[in-house]
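Keep in mind that this is a model prediction, so the values were computed, not measured. A note on names: the letters A, B, ... follow the listed sequences, proteins ahead of strands, and every chain is numbered from 1.
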Protein chains: 2
Amino acid sequence: MSVLFSRPCEYALQAVLYLAQKREGEMTSAKELTSKLDIPYHFISKILQDLTYKKLLYSQTGPTGGFALAKSPKKILFLDIVEAIDGKDYKTNCVMGFSECGGEKVCAVHDKWKLIKENIHNMLVSKNIFEMAKEMNR
Amino acid sequence: MSVLFSRPCEYALQAVLYLAQKREGEMTSAKELTSKLDIPYHFISKILQDLTYKKLLYSQTGPTGGFALAKSPKKILFLDIVEAIDGKDYKTNCVMGFSECGGEKVCAVHDKWKLIKENIHNMLVSKNIFEMAKEMNR
DNA sequence: TTAATTTCAGAGTAAAATATCCGAAACTAT
DNA sequence: ATAGTTTCGGATATTTTACTCTGAAATTAA
Ligand code: SF4
Ligand code: SF4
């Protein structure tokens, strides 16, 4: 089911992109996110709380409350979300499951794997989520 | 810990590469593989049995028995192993966890993700495991 | 000030992935 | 034949990941 990123991370990306489509400062409840994105309520709640704790989101309790991006979507990258949830393991992991993909013990796919990792990194930093959200609206 | 491929698949790749370093037809026991590759004995046994069932390996019981590649390592690709164990989900999966990465609902990272998937495929088919094993020996 | 609505914190459960156990069958060498 | 060594098949156990429950605290509006 999931490639590259954990479930919570995938959900976080979806949620953050959704929030980025709202006008700046508008609060969105976990309830809305769960119905629009089809993610289990308690699960997405936890993830949002986590992102809040990590200062990527801002939250507020009460009837008019919910979650919103903690800063301008122009200043948030996919990489920020991924690292907040999954850490940066994906950079060092070996495709074949050997200990670490450092420099020395070079295998036959090392170069290609390295290139792929660079591409992944590039995918995560090339656009901010403001641009992404704009493209999705169409 | 694991990127792209499942644990069993990672282990399978390691094991097959190890077998490819042996001279053609030589049998290798699960016991040897478990100690050389540091993979749980019962677990690697299961995986090898699975690969045997799927005709990628040949096996034999008894003292001189063990496992060997079912065909020449020049005719085996990483892709063969990956598809045997993990199937071909990695081709259709979405980075963000949406249902499927088809053509229509195009997101902001679609093009980059597509390119990455092509690179992954390329990594899996560009060399046969005979060449890989040769490169590893050095 | 009360009731409704929301996030928050922490524990608990369910499911999936990973790993193990066991007894049998196949084979080899003595 | 017999003992030793191996794979095989299927059940079981453990660990990790995914998901849920519950009760409390914060906020809002009537
Ligand atoms: S060089 Fe190859 S085997 Fe070594 S860690 Fe990187 S991907 Fe794995
Ligand atoms: S286009 Fe983007 S959102 Fe759609 S399936 Fe592919 S990666 Fe996922």
Side-chain angles (χ1 to χ4, degrees), chain A residues 1-15 19 22 25-70 85-87 89-90 93 97, chain B residues 1-15 19 25-70 85-87 89-90 93 96-97:
Chain A
M1 184 108 244
S2 75
V3 247
L4 288 190
F5 310 130
S6 70
R7 273 294 174 81
C9 186
E10 291 179 343
Y11 290 163
L13 291 174
Q14 294 182 25
L19 292 178
K22 298 273 180 132
E26 185 180 347
M27 298 304 258
T28 306
S29 70
K31 200 172 157 193
E32 177 177 342
L33 284 162
T34 203
S35 69
K36 290 290 169 52
L37 297 176
D38 196 38
I39 298 172
Y41 176 69
H42 290 99
F43 201 25
I44 191 64
S45 295
K46 278 282 172 253
I47 296 165
L48 294 167
Q49 283 164 32
D50 190 20
L51 289 174
T52 303
Y53 175 78
K54 283 162 181 162
K55 308 287 187 193
L56 288 164
L57 300 183
Y58 163 76
S59 73
Q60 201 168 24
T61 60
T64 62
F67 298 88
L69 299 176
I85 307 282
D86 277 359
D89 288 356
Y90 79 94
N93 283 342
Chain B
M1 183 107 247
S2 77
V3 246
L4 286 191
F5 310 131
S6 70
R7 270 292 170 81
C9 188
E10 291 179 343
Y11 291 164
L13 292 174
Q14 294 183 24
L19 292 178
E26 185 180 349
M27 299 304 260
T28 306
S29 70
K31 201 170 155 193
E32 177 178 342
L33 284 161
T34 203
S35 69
K36 290 290 168 51
L37 297 175
D38 196 40
I39 298 172
Y41 176 69
H42 294 282
F43 201 25
I44 191 64
S45 295
K46 280 280 172 258
I47 296 165
L48 295 168
Q49 283 164 32
D50 190 21
L51 289 174
T52 303
Y53 175 77
K54 283 163 182 164
K55 309 287 186 192
L56 288 164
L57 299 183
Y58 162 77
S59 75
Q60 202 169 23
T61 60
T64 62
F67 299 88
L69 300 178
I85 306 282
D86 277 359
D89 289 357
Y90 79 93
N93 282 343
M96 289 192 248

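Atoms CG (A:Leu51) and C1' (C:dC8) sit 14 Å apart, rounded to a whole Å. The distance between atom CD of B:Gln49 and atom P of C:dC22, rounded to the nearest whole Å, is 17 Å. The CG-C1' distance, from B:Leu57 to D:dT6, rounds to 15 Å in whole Å. Atom CD1 in A:Ile44 sits roughly 16 Å away from atom C1' in C:dT6 (whole-Å rounding). Going from atom OH of B:Tyr53 over to atom P of D:dG9 covers 9 Å, rounded to whole Å.
Each of B:Leu57, B:Leu56, B:Leu51 was evaluated against B:Leu19; a single residue qualifies, B:Leu57, per the side-chain contact (heavy atoms from CB on, under 4.5 Å) test.
Separating the CG atom in A:Leu48 from the CZ atom in A:Phe67 is a distance of 4.5 Å, to the nearest 0.5 Å. For the atom pair CG (A:Asp86) and CG (A:Leu13), the distance works out to 8.5 Å, reported to the nearest 0.5 Å. If you take SG on A:Cys9 and CE on B:Met96, they are separated by 11.0 Å, rounding to the nearest 0.5 Å.
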Could you list the donor-acceptor pairs under 3.5 angstrom formed by side chains in residues 33-45 of chain A, with sequence neighbours left out?
from	atom 1	to	atom 2	distance (Å)
A:Thr34	OG1	A:Ile39	O	2.2
A:Thr34	OG1	A:Tyr41	N	3.1
A:Ser35	OG	A:Glu32	O	3.0
A:Ser45	OG	A:Tyr41	O	2.8

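Shown here are the side-chain hydrogen bond (donor to acceptor under 3.5 Å, both in side chains) partners of A:Asp89, two or more places apart in sequence or in another chain: there are none. In this view, B:Ser2 and B:Glu10 satisfy the side chain to side chain contact (heavy atoms under 4.5 Å, CB included) rule, not counting sequence neighbours.
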B/S/- contact track for nucleotides 15-30 of chain D, protein heavy atom under 4.0 Å: ---SBBBB---BBBS-
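Applying the side-chain hydrogen bond (donor to acceptor under 3.5 Å, both in side chains) test to pairs two or more places apart or on separate chains, those with a residue in residues 46-59 of chain A are A:Asp50-A:Lys54.
Within the structure, every side-chain polar atom (N or O) of B:Thr52 is placed at least 4.0 Å from both OP1 and OP2 of D:dT7.
Of the residues in residues 28-35 of chain A, A:Ser29, A:Ala30, A:Lys31 come within less than 4.0 Å of DNA chain C through at least one heavy atom, sorted by number.
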